[in-house]
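Here's the structure we're looking at; comments come further down.
Each chain gets a letter, A, B and so on, in the order its sequence line appears, and its residues count up from 1. Remember, it's a predicted structure, so these values are computed and weren't measured experimentally.
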Amino acid sequence: MSSIRLEKVTKTYSNGKTVIENLELEIKERSFTVLLGPSGCGKTTALRMIAGLEEVSAGQIYIGDRNVTKMEPGDRGISMVFQNYAIYPHMTVRKNIEFGLKNMKIVKEEIAKRVIQVVNMVGLKDYLNAKPSTLSGGQRQRIALSRAMSKKPQVFLMDEPLSNLDAKLRNQMRGELIDLHRELKSTFVFVTHDQIEAMTMATNIVIFNNGSIMQQGTPKEVYENPANLFVATFIGDPGMNIVELPKIGTIGYRAHKVKLKRAFDFHGVSASGMVITKEMLGMDHLYRIATGLGTVLMKCEEELNIGEQVTLYISEKDMYYFDVNEQRSRDIMLIDTAFHRLSLMEGVTVTGDHVIGNVHG
Amino acid sequence: MSYAAKVLRILLLITLVLVFVFPFVWMLSTSLKTYLESIKFPPDILPKVPQFVNYYKTYVRIHFLHYAMNSVIVTFSIVLGQLLVCIPAAYAFAKKKFRFAGLFFAIILIDLVLPAQVTFVPIYVLVSDFGWLDTYWAMIIPFIYSSFAIFFMTQAFKQIPDELLDAARMDKATELQIIVQLMLPIAKPFVLTAMLFTCISKWNDYFWPLILTNSESVRTLPMTVKGMISDTPGLTHWNELMAGNMMLIIPILVLYIAANRFIKNAFVYGIK
């Protein structure tokens with residue numbers, strides 16, 4: 001059993017600052033769970049509490065059926081990979097891997113067998129006797145990975161393990177981690193602030209902000225159905241465009257749902273504006289366009305020039321509504337008032353029977 | 001750098017070398033002179049015939065083996081004691097959170113700037129109350145604590161990333177393993193440097209043995225060498241005195257040359 005359960009976990013530092021309060025979290029067995037959030041949101045603290053490197057101020061942590069709240073890190077049956085690799089710099093690759101195994105009192109023959117096995121998995125078998133200082137960043141992180149694997153843990157914890165690697169290597173390692181997760185059939189808990197990492201690797205994403213969980217779900221779920229404004233603007237590249245409507249709520253829509261042409265059966269909002277910046281993304285372009293709705297991010301294949309006048313069409317069905325508490329809302333009343341407010345904005349036109357009927361009726 | 005600046009720099013370095021090397025050369029040369037050559041004015045730089053016999057005479061005269069043995073016992077006990085006391089202390093200051101850590105460290109820093117003359121009365125009283133006067137204990141126990149060693153090694157240990165200790169904890173390492181198998185090997189240049197400083201200062205120490213001992217049975221090399229100045233009233237055998245000094249510093253010199261690489265590492269590169 002390698003599920004992880006946090007029950008009413010609170011973390012208060014000795015200076016009196018509470019970073020996590022009454023956290024309830026369940027991480028499924030064999031899942032690749034990513035804890036995602038901006039820096040300082042408590043995701044790393046949560047991970048370190050699971051590892052046992054940080055004391056739990058209140059609450060309980062279970063791994064499988066075992067209550068590990070008071071257990072030493074080495075006794076929890078877990079391995080951890082760190083952001084700065086945390087390889088012992090004075091030991092060879094072999095010694096790095098052996099160190100933990102010897103402490104686990106594993107017999108010599110078995111240690112030797114496991115060392116060979118894990119270095120083969122990460123492709124470092126020619127470097128067994130090399131010192132870490134002679135290896136590249138990617139190779140060092142592979143040592144850390146193989147060291148973690150050699151203990152055959154039920155749970156792998158990873159604290160931003162890719163953020164010190166260059167972009168190309170990071171992409172490659174993402175793929176390798178996905179493969180590894182499939183091969184090892186154990187639970188991966190991965191902390192990152194990079195939503196692309198989260199979206200590409202996770203089977204389950206837990207989004208943190210200010211010490212609490214904003215939403216939990218598959219990458220598809222959190223992208224297509226954000227539960228609140230924070231998730232809507234945090235997930236996606238870029239996050240949702242938003243229009244704040246004081247005392248009513250907020251409307252959000254994705255940058256690639258902003259169209260330049262009016263669809264045949266268009267119902268929604270159109271706004272005229274001017275292109276102010278342009279980023280070339282390869283196949284797509286990302287434009288910032290100044291309109292009556294505010295600055296709109298638009299992702300599309302069309303070529304536009306800076307300064308060009310455009311009319312943008314955002315379909316009603318691509319819009320998300322959030323109430324004044326920033327929670328997702330499907331309340332008809334709220335939507336109607338929001339559209340009415342939109343129609344009063346300069347250079348913005350609202351089209352659609354349902355909406356207009358309500359506004360004028 | 002311009003040509004003139006280069007020349008100026010080399011001249012400055014040569015001057016510095018001369019300032020530091022000359023006394024040493026003078027000591028070596030005097031130690032090989034006859035008595036008459038050593039008091040001759042104006043002096044010769046080099047003796048006509050090197051008098052190696054000076055070393056033998058001094059060796060016998062100052063009971064070299066007896067005092068050298070005492071010096072070795074005292075110095076090495078202090079170094080060993082400092083390793084046992086100062087390394088755990090430095091580890092705690094660098095890597096552990098505990099109550100009043102800041103205050104204790106401040107006290108250590110203050111002790112760093114206090115001259116020995118301030119602490120010698122309290123230490124004398126303490127040692128005397130323990131009944132340790134005129135024993136090895138008097139010259140060892142008060143000095144196994146060193147503010148400098150703790151301060152220096154704390155700074156070194158602080159450079160070692162916390163993640164490494166976390167990784168060791170995940171690897172089921174005990175605190176002792178973390179200190180002995182991680183902190184020490186990684187901070188080796190710093191630990192060796194601190195211990196070498198202790199070695200040099202305790203080997204050459206004249207002040208504390210003078211205060212804390214009365215009899216020749218436990219006294220150390222610097223005291224017997226110093227004693228040569230006045231062993232014959234009105235007459236100092238400078239040549240033999242310099243031979244004695246050479247015999248005093250050679251072990252330290254050898255030690256320094258052996259550890260030179262680490263000292264340079266500690267001061268120039270830090271922990272990679």
| said: Within the supplied structure, the quantity of interest is the number of heavy atoms (other residues, nucleotides, ligands) at a distance under 6.0 Å from B:W137 CH2; does it exceed 12? | reply: no
| message | Can you confirm whether more than 12 heavy atoms, excluding those of A:Y13, are under 6.0 Å from its OH atom? | response | yes
| Has A:R30 got more than 12 heavy atoms of other residues, nucleotides or ligands less than 6.0 Å from its CZ? | no
| message | Tell me if a side-chain donor or acceptor on A:H90 pairs with a main-chain N or O of B:A187 at a distance below 3.5 Å. | response | no
| For A:F82, does its backbone N or O pair with a side-chain atom of B:E163 as donor and acceptor, under 3.5 Å? | no
| task | Answer yes or no: are there more than 12 heavy-atom neighbours, outside B:K96 itself, under 6.0 Å from its atom NZ? | result | yes
| field | Nearest-0.5 Å distance that lies between atom CG in A:N103 and atom OG1 in B:T174 | value | 7.5 Å
| query | Do the non-hydrogen side-chain atoms of B:I186 and A:P89 ever get within less than 4.5 Å of each other? | reply | yes
| Counting only heavy atoms not in A:K95, do more than 12 sit closer than 6.0 Å to its NZ atom? | no
| field | Part of A:S133 within contact of chain B (heavy atom distance under 4.5 Å) | value | neither
| query | Does any heavy atom of chain B fall under 4.5 Å from the side chain of A:R76, the backbone, both, or neither of them? | reply | neither
| task | Taking atom OH of A:Y127 as the centre, report whether more than 12 heavy atoms of other residues, nucleotides or ligands fall under 6.0 Å from it. | result | no
| remark: Value for CG (A:L101) from NZ (B:K172), rounded to nearest 0.5 Å, stands at 11.5 Å
| request: With a 4.5 Å cut-off on heavy-atom pairs, point out which of A:M91, A:E72, A:R147 contacts chain B the most. | output: A:R147
| Are B:D171 and A:K102 close enough for a salt bridge, meaning some N to O gap below 4.0 Å? | no
| Spatial distance of atom CD (B:Q181) from atom OH (A:Y88) [nearest 0.5 Å] | 9.5 Å
| task | Please report the C-alpha distance between A:L53 and B:R169 in whole Å, then the side-chain angles of each, then the deciding distance to 0.1 Å, and finally whether the side chain to side chain contact (heavy atoms under 4.5 Å, CB included) criterion is met. | result | CA-CA 8 Å; A:L53 296 170; B:R169 262 175 220 124; 4.0 Å; yes
| Between A:A86 and B:A167, which heavy-atom pair has the shortest distance, and what is it? | O-CB, 3.7 Å
| task | Check the surroundings of atom CZ in B:R9: do more than 12 heavy atoms from other residues, nucleotides or ligands lie under 6.0 Å from it? | result | no
| request: Output yes when a side-chain donor or acceptor of A:K151 lies under 3.5 Å from a complementary backbone atom of B:M170, and no otherwise. | output: yes
| request: Report, as yes or no, whether the 6.0 Å neighbourhood of atom CE on A:M71 holds more than 12 heavy atoms from other residues, nucleotides or ligands. | output: yes
